[in-house]
Asks: 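Here it is: the structure, laid out below.
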Amino acid sequence: MIHIFSNMKTKDRWLALLCLLLVCGQVYFDLRLPDYTAEITVLISSEVTDLSEYFVAGGNMLGCALCSALLTVVVGYLAAMIAADFSFDVRAKLFNKVASMGSGEIKKFSTASLITRTTNDITQIQMIIAMGLQMMIRAPIMAIWAIIKIVGKSWQLSAVVAAAVAVVVVSLVVLLAIMIPKFRIVQRQIDDVNRLTDENLNGIRVVRAFNAEQYQEDKFETANDSLMRTQLFTGRGMAFLSPIMMFVQSGVSVAIYYVGATLINAINVPLDGTIADVMAAVSDRSVMLGEVVSFSSYALYVIMSFVMLLMIFMMLPRAAVSANRINEVIDADIAVTEGTETASEETGSIEFRDVSFRYPDASEDCLKHISFSAKKGETVAFIGATGSGKSTLGSLAARLYDATEGTVLLDGKDVSTYSFETLYNKVGYIPQKATLFADTVEGNVAFGRSGQELTDADVENALDIAQATEFVDAMDEGKNSWIAQGGSNVSGGQKQRLAIARAVARKPEILIFDDSFSALDYKTDSVLRQRLKTDLKGTTCLIVAQRIGTIRNADRIVVLDNGTVAGIGTHEELMKSCPVYQQIALSQLSAEELAANA
């Protein structure tokens with residue numbers, strides 16, 4: 001847990017030190033109160049009639065109380081500010097780390113878990129800092145200071161306090177040993193609840209279409225019930241400490257006054273002695289009464305300190321688990337790291353040299369010894385059966401993953417040597433699943449940073465090339481119309497066209513289409529590809545597709561079969577020489593249609 005605090009800002013560390021000093025002042029004023037209480041007790045028992053002495057002692061008590069209250073407010077404000085600032089920094093660092101992760105790292109943690117770590121886990125840390133700076137610092141200082149005050153006054157009274165502290169410590173140790181493993185389970189169960197909620201919301205159409213509402217409710221109920229039971233267990237366990245603390249606190253008061261009364265009675269007042277002896281004995285009894293009263297207050301401060309520590313210990317195990325989960329993400333190794341190259345002599349070329357790739361934790365390669373090249377302005381397509389590695393190949397070209405073996409060259413240089421900004425200014429990637437953001441149409445098309453500033457004309461031209469102008473103009477506010485999160489207010493084909501327009505608007509050297517025409521009708525598909533060919537004449541295109549009609553006019557077609565290259569050539573060449581391609585073509589079109597199209 002200490003590791004997560006190592007990056008705390010210097011300013012926050014100085015403010016934490018200031019909190020420590022202010023807490024010391026606060027404890028000083030609090031522990032002065034029993035002294036003045038004892039002084040007033042002695043005055044009363046001595047029957048002092050000068051009211052000014054009472055006013056002086058009472059005024060000192062009031063001053064100490066006001067100073068303590070003022071310092072409490074200041075410490076609370078500083079603690080809240082430090083906690084908020086620290087959680088802001090950690091949340092930003094965690095978000096940036098997740099943003100820099102590749103698909104492999106995100107799958108390793110899962111989206112639901114990363115969301116929980118960025119929200120709930122950081123909230124646990126923020127709470128422990130805010131309360132810790134107030135209670136965790138104050139409690140031990142107050143306990144030690146109060147013990148120093150009472151040590152040497154009476155061993156009998158000190159023994160009572162020691163017994164009470166022993167009961168509290170043993171109770172804490174036993175309960176925390178039971179609770180800490182449960183807190184780890186709670187955070188994992190929160191991950192499960194978030195995952196099921198996310199799945200249900202994202203797949204709500206599928207759930208309703210298959211009448212699976214009750215099935216999803218049962219799955220959620222199981223996870224939610226497990227979380228509830230674990231939280232009830234931890235809550236009941238921690239709640240068990242409260243009556244223990246109340247019992248100890250009340251028992252200490254009773255025991256101190258009982259022992260104190262015994263000590264006072266042990267001071268004999270000689271009835272047959274001189275007046276001086278009687279007055280001395282009465283004075284000793286008054287002093288002892290004052291000491292018992294002050295001792296009782298100090299003992300309650302000691303118990304109160306352990307109560308404050310109890311509150312922290314109730315939160316500390318869960319916060320420690322949260323800190324470890326955050327550190328796991330921050331310390332995670334990133335497979336895809338940034339290079340330093342910002343320029344190249346070639347433009348628009350890409351080459352795979354004997355590339356093999358294996359997903360993390362997979363037992364074998366999904367791509368094996370892939371080699372092909374595409375020159376500037378060429379269109380190279382990839383086709384194959386489901387699971388043959390087409391999308392994986394597109395991901396390697398966009399450097400979402402790094403090749404396990406071999407080299408992917410972009411403009412004559414290894415893609416791993418480019419800075420991310422340079423690389424993604426060269427490459428436009430349209431993923432298999434079109435992703436839109438909660439923004440306007442224009443905001444989605446002009447999304448992110450580009451090598452050049454995008455103008456309204458660039459956006460309109462990109463929409464026109466992607467065949468999206470017609471339906472965008474039909475919207476109430478045209479390109480200023482709002483797109484809901486995930487593009488839930490537009491159709492699948494419209495999402496794909498907007499995603500294509502977003503990539504086209506950047507005017508990249510290379511466009512990678514990962515089955516990005518699958519939701520388009522044949523007419524729109526044909527017109528869009530023709531516009532890409534005429535309007536983006538110098539742009540290299542890599543097209544992953546399932547339909548023969550989408551790729552038959554490509555300069556070269558790479559046929560994949562179980563992760564290996566089964567053939568490379570034009571449509572006509574492959575129809576003559578590649579059995580795998582022939583099977584795919586004949587499964588989609590009849591021999592007569594193929595002959596007629598040819």
Asks: Give a yes or no on whether the backbone of Glu338 and the side-chain of Tyr418 come within a donor-acceptor separation of less than 3.5 Å.
Replies: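 A pair under 3.5 Å: no.
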Asks: Are the side chain of Thr119 and the backbone of Ile115 linked by a donor-acceptor contact shorter than 3.5 Å?
Replies: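 Yes: the side chain of Thr119 pairs with the backbone of Ile115.
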Asks: Identify whether the distance between the nearest side-chain nitrogen and carboxylate oxygen of Arg188 and Asp192 falls below 4.0 Å.
Replies: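 No, this pair does not count.
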Asks: Could you tell me whether the side chain of Ser87 and the main chain of Ala84 form a donor-acceptor pair under 3.5 Å?
Replies: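 Yes: the side chain of Ser87 pairs with the backbone of Ala84.
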Asks: What's the verdict on side chain to side chain contact (heavy atoms under 4.5 Å, CB included) for Asn444 and Thr440, showing C-alpha distance, side-chain angles and the deciding distance?
Replies: CA-CA 6 Å; Asn444 271 281; Thr440 62; over 6 Å; no
Asks: Tell me the closest heavy-atom pair linking Leu196 and Lys219, and the distance in Å.
Replies: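 Closest pair (atom of Leu196, atom of Lys219, distance): CD1-O, 3.6 Å.
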Asks: Indicate the atoms forming the closest heavy-atom contact of Val329 with Met101, along with that distance.
Replies: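 Smallest heavy-atom distance, with atoms named: CG1-CE, 3.6 Å.
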Asks: Atom OH of residue position Tyr28 - does it have more than 12 heavy atoms of other residues, nucleotides or ligands inside 6.0 Å?
Replies: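 Atom OH in Tyr28 is not packed in, count stays at 12 or less.
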Asks: Nearest heavy-atom pair of Ala79 and Ala130: which atoms, and what distance?
Replies: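 Distance-wise, the nearest heavy atoms are CB-O, 3.5 Å.
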Asks: So for atom CZ, which belongs to Phe420, do other residues, nucleotides or ligands contribute more than 12 heavy atoms lying within a distance under 6.0 Å?
Replies: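 Above 12, so yes.
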Asks: Taking the inter-plane angle between the rings of Tyr359 and Tyr401 on a 0 to 90° scale, is it parallel (under 30°), tilted (30 to 60°) or perpendicular (over 60°)?
Replies: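 Answer is perpendicular, since the angle exceeds 60°.
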Asks: How would you list all residue pairs meeting salt bridge (Lys or Arg N to Asp or Glu O under 4.0 Å) that involve residues 123-138, not counting sequence neighbours?
Replies: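 Residue pairs with at least one partner in residues 123-138: Asp30-Arg138.
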Asks: Does Ala446 offer a backbone N or O that forms a donor-acceptor pair with the side chain of Arg506 under 3.5 Å?
Replies: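 No, because the side chain of Arg506 does not come within donor-acceptor range (under 3.5 Å) of the backbone of Ala446.
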Asks: Is any side-chain heavy atom of Trp482 less than 4.5 Å from a side-chain heavy atom of Asp439?
Replies: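 They are in contact (side-chain heavy atoms under 4.5 Å apart), so the answer is yes.
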Asks: Working note: Asn425 + Glu421, criterion side chain to side chain contact (heavy atoms under 4.5 Å, CB included); need CA distance, chi angles, decisive distance, verdict.
Replies: CA-CA 6 Å; Asn425 280 333; Glu421 183 174 0; 3.7 Å; yes
Asks: Around atom CG of Asp333, are there more than 12 heavy atoms of other residues, nucleotides or ligands at under 6.0 Å?
Replies: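 Result for CG/Asp333: open.
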Asks: Would you check if the side chain of Lys97 reaches a backbone N or O of Ala332 as a donor-acceptor pair within less than 3.5 Å?
Replies: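 Yes, because the side chain of Lys97 sits within donor-acceptor range (under 3.5 Å) of the backbone of Ala332.
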Asks: Go through the steps for Glu341 and Ser419 under the test side chain to side chain contact (heavy atoms under 4.5 Å, CB included), then give the verdict.
Replies: CA-CA 6 Å; Glu341 292 287 345; Ser419 68; over 6 Å; no
Asks: Of all the heavy-atom pairs spanning Leu15 and Leu78, show the shortest one and how long it is.
Replies: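 Scanning both residues, the minimum pair turns out to be CD2-CD2, 4.2 Å.
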Asks: Let me see the working for Glu328 and Asn324 under side chain to side chain donor-acceptor pair (under 3.5 Å), right down to the final yes or no.
Replies: CA-CA 6 Å; Glu328 285 178 4; Asn324 290 333; over 6 Å; no
Asks: Quick one, Ile326 with Leu94, criterion side chain to side chain contact (heavy atoms under 4.5 Å, CB included). Give me CA distance, side-chain angles, the key distance, then yes/no.
Replies: CA-CA 8 Å; Ile326 293 170; Leu94 195 62; 4.3 Å; yes
Asks: Output yes when a side-chain donor or acceptor of Asp225 lies under 3.5 Å from a complementary backbone atom of Glu221, and no otherwise.
Replies: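 Pair absent, no side-chain N/O of Asp225 close to backbone of Glu221.
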Asks: Of the non-hydrogen atoms in Ile128 and Ile125, which two are nearest, and what is the gap between them?
Replies: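 Smallest interatomic distance, heavy atoms only, reads CG2-O, 3.0 Å.
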Asks: Under 3.5 Å, is there a donor-acceptor pair between the side chain of Asp198 and the main chain of Asn194?
Replies: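 Side chain of Asp198 to backbone of Asn194: no pair is present.
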Asks: Which heavy atom in Arg502 sits nearest to a heavy atom in Leu436, and how many Å separate them?
Replies: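 So the two residues come closest at NH1-CD2, 4.0 Å.
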Asks: Can you tell me which residue pairs pass the salt bridge (Lys or Arg N to Asp or Glu O under 4.0 Å) test with a partner in residues 67-85, sequence neighbours excluded?
Replies: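 Output for this query lists Lys9-Asp85, Lys11-Asp85.
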Asks: Tell me whether Asp191 is salt-bridged to Arg325, with the criterion being a basic N under 4.0 Å from an acidic carboxylate O.
Replies: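 A salt bridge links Asp191 with Arg325.
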